[in-house]
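The next block holds one structure in the form of structure tokens; read it before the comments.
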There are 2 protein chains.
Amino acid sequence: MISPALLKEFRVVLGHENVLTDMADLVTYSYDAAVLEPVVPAIALRPVSGKALSQVVRLCNENRLPLTVRGAGTNLSGGTIPSPEGVVVLTNALNKILEINPEDMYAVVQPGVVTAQLAASVEAQGLFYPPDPGSQAVSTIGGNVAENAGGLRGLKYGVTRDYVMKLEFFDVNGEPVITGSKTVKCATGYNLAGLLVGSEGTLGVFNEITLKLIPPPASQKAMFAVFDHIDKASETVAAIIANRIVPATLEFLDNFTIRAVEDFSRAGLPVDAAALLLIEVDGHPAQVEEDAAKVESLCRKMGATSIRVAKDAAERDKVWEARRSALSALAKLKPTVVLEDATVPRSKIPDMVRAMQNISRKFDILIGTFGHAGDGNLHPTILTDRRDKAEWQRVESAIDAIFDKALALGGTLSGEHGIGTAKSHYLEKETGKATIVYSRRIKAALDPNNILNPGKIIGY
Amino acid sequence: MISPALLKEFRVVLGHENVLTDMADLVTYSYDAAVLEPVVPAIALRPVSGKALSQVVRLCNENRLPLTVRGAGTNLSGGTIPSPEGVVVLTNALNKILEINPEDMYAVVQPGVVTAQLAASVEAQGLFYPPDPGSQAVSTIGGNVAENAGGLRGLKYGVTRDYVMKLEFFDVNGEPVITGSKTVKCATGYNLAGLLVGSEGTLGVFNEITLKLIPPPASQKAMFAVFDHIDKASETVAAIIANRIVPATLEFLDNFTIRAVEDFSRAGLPVDAAALLLIEVDGHPAQVEEDAAKVESLCRKMGATSIRVAKDAAERDKVWEARRSALSALAKLKPTVVLEDATVPRSKIPDMVRAMQNISRKFDILIGTFGHAGDGNLHPTILTDRRDKAEWQRVESAIDAIFDKALALGGTLSGEHGIGTAKSHYLEKETGKATIVYSRRIKAALDPNNILNPGKIIGY
């Protein structure tokens, strides 16, 4: 319960209009994109300055109020679901790009800046911010950093972690912790920025984020290759990587996903294909020509029935938009959509794709598989109806089977969606007990009252 | 004091021959490459297996014995100097490359593997491990990870941190903590690997390190540009970066360093030059040609008096060997050599180079300046004699002035050498108090008896 005195204090710190207690508002902040029970918070707060944010954190700690920071709520593992009687802290008023420095190639932003807006602003200055999570049109940089968001370009360009140079965040007392530097190299103090990236709001609250920018590639070429058997497509992925070609993007779609996407986006995808690879190479024009030719020849050698090269930027954009719509397209088909992201070493993609087909058959459930095959990060997407208890039990068994297979292949539970609450009970299977004990020691030391997004990643 | 019972236990765990108590041995492990007082440990232990290593850690913790892991002892900030009455744990028997996986492009190594040996083994399989600290011929991967070692290629290829995919280490109880994955992407659990990299042995003891490998560049071109004024050289560095060219290496040498290196290596460097830039571009041959032409034209525009392109690999290697000998060459000139690595945003290199000349004049001390100018990471090297008390005081004032200037320019205390004990009292100036408090909370939680390389980075 939030006492009237505390409510008053929040209003003084934030202004009346930034303290939300209406049920209609609170319900909006009760869920994210994971298939989990919503939890309605007690209050939602919208700080408009770093100072106000710091005070909110301090007040929550002093009053033992669990606090969950919320960007756009696109989280796929429950990381944004608040605690019962907890506080949701909104970052949408902390949405300023504070600096884009083209000389030293970095950007300084507040946590609520929308990913795609940053990317566009950076592009306008002739630079490139590569991480491009599927939700980039609405997701925030703060959320991306908290989740270590990936995206389609992870294969060549890495993920959010690889772009965080410096991080200013508040500890649980609202004190400012500064880690990293605007310099290209930094070996000063503990790499707290590295620890905070992907910590899902459990160790601190971001105030200012400095991101590395890079020169954009001089040219690109996108193509799609059609396969009449799913194995041929997955083996082509492994072959491209084994041939030391590093495409900017190398995406896989199975027939089920292709049909759903085409139905949704009308992008002209071949609905009869057993599987499709969407490939983009970029870099120096000569490199692009060579890589594209190599990729094309590999695809043919591995049995692609046809290959289509996007003839211009418009056609290219159309293909990528279609790919980005995959989750939305699949989500239309059934009431409940479970999007997983178990990830395997890249050479194991053919095994993983086969395993997914077996799991779908064995548990008699619908799985559309697509994703970032080039980096081993598939998104098996289970279409179901959670109200159907019998089927839901089979879904849960299938998810167990997917994780077991990924781990058996030397993989990991999550490539980019995080652990949240959805996967925290699987964590020990991958890391062993000592890793969780070690992690909990850190959490308890930094957040002794357990108010920073409690329960996420390492449970309670 | 190590009790006879504990000594016996160490001998059982490790074998008699791996428990070293001779003063001649112990003195060898009393210092590293930083200018600090040596500290003779009570004992040195050489585990030959992960299991033995784990037991050593556990025994040290149970007996409250401070433990310092030592690779090659090339540390430049005192991180390898043991505690009085402490234990040195040697990794030279843990020197196996456990796996090089060319398909999924990673290597798994024990901490005692020598950097250059790994690089050569990887190269033999047609792959590339980029981090190349100056001490790579003897430094170990474990030491590189503990210090987040950089090197000449940091500008384009990043530093050790960017290559650690997975880390298995022992917590202070000797329990195995597993973090990261052999997959390209991983968002599973806290990024403990990120935290451990650069933690200077204070949070855990490495057992197995999985490193990312990449395809090697198809071609390279190295050149050196001669300048008759130091400012012209430093401004050329800023101009190259501002023109969005990312060389693999972009090194700076002032006249003092050039003469010392030439005297030492006879590589044919122009001893009359005020400053020299050593530049290598790599990548696709067409890219290399274009970048090399652009760099050459920029150098001329900025006033280079001559530019020499290495005509073959032999000539190129000769230049790089000469550059790598800079520290040794300078070290010959005076009894005491202090190598700093304050780092600034790249556009500030001209300011930093000028500041170094002023500091040298103001405090009347010899400073040779060279280093990784392309990533803002200069190595001002002070030549002195520590026994000369008056001069040593001026040296200490000069070091203060160097750090103050770097911070004033938006830089950092250390680009790649770490904080150790040499710079820990400067840390608060850069990060503020709360960052140190936050870091100490982590340290105290993970190492309650403060036995893991105590005093390093965050003091006591």
Side-chain angles (χ1 to χ4, degrees), chain A residues 103-104 147-148 150 154-155 159 171 175-179 181-192 194-195 197-199 215 242 244 246 284 286-287 343-347 375-377 410-419 427 430-432 434-435 438-439 441-442 444-446 457, chain B residues 103-104 147-148 150 154-155 159 171 175-179 181-192 194-195 197-199 215 242 244 246 284 286-287 343-347 375-377 410-419 427 430-432 434-435 438-439 441-442 444-446 457:
Chain A
E103 252 189 313
D104 288 315
E147 297 293 320
N148 188 21
L155 167 58
V159 295
D171 73 6
E175 295 294 326
V177 180
I178 298 171
T179 160
S181 173
K182 287 172 182 171
T183 56
V184 176
K185 281 157 137 184
C186 175
T188 301
Y190 286 144
N191 177 18
L192 300 176
L195 175 65
V197 177
S199 65
R244 306 281 157 83
V246 185
H284 186 277
Q287 174 92 59
T343 299
V344 294
R346 300 178 277 199
S347 66
D375 54 27
N377 181 202
T412 185
L413 296 173
S414 172
E416 56 183 15
H417 296 166
I419 297 299
L427 192 57
E430 176 169 341
T431 65
T435 308
Y438 191 94
S439 302
R441 281 185 201 129
I442 295 176
L446 297 177
I457 306 181
Chain B
E103 252 189 313
D104 289 314
E147 297 293 320
N148 188 22
L155 169 57
V159 296
D171 72 8
E175 296 293 326
V177 179
I178 299 171
T179 161
S181 172
K182 287 172 182 170
T183 56
V184 175
K185 279 157 141 184
C186 176
T188 300
Y190 286 144
N191 177 18
L192 300 176
L195 174 66
V197 177
S199 64
R244 307 281 156 80
V246 185
H284 186 277
Q287 173 92 61
T343 299
V344 293
R346 301 178 277 198
S347 66
D375 54 27
N377 182 201
T412 184
L413 295 172
S414 172
E416 56 182 16
H417 296 167
I419 298 298
L427 191 55
E430 177 169 343
T431 66
T435 307
Y438 191 94
S439 302
R441 282 185 200 130
I442 295 176
L446 298 176
I457 306 180

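Each chain gets a letter, A, B and so on, in the order the sequences are listed, and its residues count up from 1. Side chains are part of it too, since the values below use all heavy atoms of this structure and drop only hydrogens, waters and symmetry mates.
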Counting heavy-atom pairs under 4.5 Å with chain B, which one of [options] comes out on top?
{"options": "A/Lys182, A/Glu416, A/Glu175", "value": "A/Glu416"}
{"options": "A/Gly376, A/Ala444, A/Gly418", "value": "A/Gly418"}
{"options": "A/Gly411, A/Ser439, A/Gly150", "value": "A/Ser439"}
{"options": "A/Ala445, A/Gly189, A/Gly415", "value": "A/Gly415"}
{"options": "A/Ser199, A/Gly198, A/Ala242", "value": "A/Ser199"}

Working to the nearest 0.5 angstrom, can you tell me the gap between [X] [atom1] and [Y] [atom2]?
{"X": "A/Thr435", "Y": "B/Tyr190", "atom1": "OG1", "atom2": "OH", "result": "13.0 Å"}
{"X": "B/Glu430", "Y": "A/Ile178", "atom1": "CD", "atom2": "CD1", "result": "9.0 Å"}
{"X": "B/Leu413", "Y": "A/Thr188", "atom1": "CG", "atom2": "OG1", "result": "5.0 Å"}
{"X": "A/Lys185", "Y": "B/Asn377", "atom1": "NZ", "atom2": "CG", "result": "4.0 Å"}

For this session: May I ask you to name which of B/Ile442, B/Val184, B/Leu446, B/Thr431 has the most heavy-atom pairs under 4.5 Å with chain A?
Result: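 Looking at each option in turn, the highest pair count goes to B/Leu446.
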
Minimum heavy-atom distance between [X] and [Y], given as atom pair plus value:
{"X": "B/Asn148", "Y": "A/Cys186", "answer": "ND2-O, 3.8 Å"}
{"X": "B/Gly194", "Y": "A/Asn191", "answer": "O-ND2, 2.8 Å"}
{"X": "B/Arg346", "Y": "A/Asp104", "answer": "N-OD1, 3.0 Å"}
{"X": "A/Thr343", "Y": "B/Thr183", "answer": "O-CG2, 3.5 Å"}
{"X": "B/Pro176", "Y": "A/Ala434", "answer": "O-CB, 3.2 Å"}
{"X": "B/Pro215", "Y": "A/Arg244", "answer": "CG-O, 3.9 Å"}

Exercise. Between B/Ile419 and chain A, which part of the residue has a heavy atom less than 4.5 Å away: side chain, backbone, both or neither?
Worked result: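 Both parts, backbone and side chain.
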
Problem set entry | Atom group of B/Val159 that falls short of 4.5 Å from chain A, counting heavy atoms |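 It is the side chain, since no backbone atom gets that close.
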
For this session: With the side chain counted from C-beta on, respond yes when B/Asp171 and A/Arg441 share a heavy-atom pair under 4.5 Å apart, and no when they do not.
Result: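 Yes; the side chains approach each other to less than 4.5 Å.
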
Problem set entry | Contacting region of A/Thr179 [heavy-atom separation from chain B under 4.5 Å] |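 When you check distances to chain B, no heavy atom of A/Thr179 falls under 4.5 Å.
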
